[in-house]
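Okay, structure first, notes after.
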Amino acid sequence: MTVDLYPSSWADAASAVREDGTVVVAGGTGIQPWLNTATARPTALVHLSRVAQAWDTEHSAGELTIGAMVAVDHPVLTPCFGGEGIGWFATPAVRRRATAVGNVVSRLGPRELATPLVALGARLHSHGHAGSWQSLEEVLREGLPPGRLATRLRLHIPERIVYHRMSARRRLSRVELGVCAALGPGCGAAIVIGSGAAAVRVDTSDSAAANFVAAIRAQAAAMSDDARRIATVTALAARVHRDLHGRTGR
Ligand SMILES: Cc1cc2nc3c(=O)[nH]c(=O)nc-3n(C[C@H](O)[C@H](O)[C@H](O)COP(=O)(O)OP(=O)(O)OC[C@H]3O[C@@H](n4cnc5c(N)ncnc54)[C@H](O)[C@@H]3O)c2cc1C
């Protein structure tokens, strides 16, 4: 039988998730469908909703820190998704519950917030981890170890951000290829190649269009040997650069 645990502090939550067979629940939008099909039942679901600090948001020196229960559609995150907003992600009902932290640490879903968040230089804090803060890129690459609790995410607030991507269908379809770039201290560019793949930061310190596109193309070629995908990412990069430095970004 699965028990539901509602710790009220990070310390209690962390000690609960150290037990074998426990599963963390934030917004539950990834967990619920998984529970419907999972063959093995968790011994306990450790809900984070009563950890008060998990709902915190904080602005400081151009950076935003959000707790592990902050939902994708929270207004503090609006500047992170540019002029088009976050309407491309899931449905309104899912966006109200799905957390940004849950998105990037989940092994159950496509982690589609990761590309803009890597462009914003995001770092993840996990409870009890030596050093505590890890770059989001590293977390995406290596995954959060079992039993580890992500407590908050910190990112740079962009002056402007543009994210262009390709999916099989226009709505409710997984992102296959994406290029995001942001302007402002600590901000940069990131690309993703393949649904659910780890987003990768690209050094685009030279903002000239040709050099920006060349840097993205080189990274795409390092990540894929599919000429059509590389060409599509290169075309997305040209559009991102145009919109970032033109009128259609935020
Ligand atoms: C209809 C529908 C549409 C969706 N559309 C999209 C989409 O467009 N793009 C997309 O990327 N995803 C999508 N998803 C997947 C999911 O909604 C997102 O990944 C969401 O952001 C997960 O956040 P959550 O808070 O609901 O995570 P939960 O479901 O609570 O958890 C997801 C996983 O992450 C772990 N986890 C969560 N928080 C923590 C934490 N703080 N520390 C350690 N582990 C943690 C959980 O144990 C679990 O394994 C969709 C889901 C549904 C049901």
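Counting convention: from 1, in listed order, for ligands and their atoms alike.
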Just to be sure I read this right, does ligand 1 sit under 4.0 Å from the backbone of [X], its side chain, both, or neither, counting only heavy atoms?
{"X": "A98", "value": "both"}
{"X": "R111", "value": "backbone"}
{"X": "L48", "value": "side chain"}

If you measure from each heavy atom of [X] to ligand 1, is any distance below 4.0 Å?
{"X": "R148", "value": "yes"}
{"X": "G109", "value": "no"}
{"X": "R107", "value": "no"}

Identity of the nearest option to [atom], non-hydrogen atoms only, from [options]:
{"atom": "atom 44 (N) of ligand 1", "options": "V105, L108, T151", "value": "V105"}
{"atom": "atom 7 (C) of ligand 1", "options": "M69, H47, E112, R95", "value": "E112"}
{"atom": "atom 47 (O) of ligand 1", "options": "V175, L124, V24, V101", "value": "V24"}
{"atom": "atom 52 (C) of ligand 1", "options": "L149, L113, V94", "value": "V94"}

With sequence neighbours excluded, residues passing side-chain hydrogen bond (donor to acceptor under 3.5 Å, both in side chains) with T151: H125
Between T99 and A26 the two heavy atoms that sit nearest each other are OG1-CB, 3.7 Å
Salt bridge or not between E63 and R123? Use side-chain N to carboxylate O under 4.0 Å. yes
Would R152 and E58 pass as an ion pair if we require N to O under 4.0 Å? no
Applying side-chain hydrogen bond (donor to acceptor under 3.5 Å, both in side chains), which residue pairs with at least one partner in residues 110-121 are found, sequence neighbours left out? none
If you draw the axis of the six-membered ring of F89, does the NZ or CZ of R95 fall within 45° of it and under 6.0 Å from the ring centre? no
Using a strict cut-off of 4.0 Å, indicate which atoms of ligand 1 neighbour a heavy atom of T99. 21 (O), 23 (O), 24 (P), 25 (O)
Looking only at N/O atoms, are G27 and ligand 1 under 3.5 Å apart anywhere? yes
N/O donor-acceptor pair under 3.5 Å between S106 side chain and N103 backbone: no
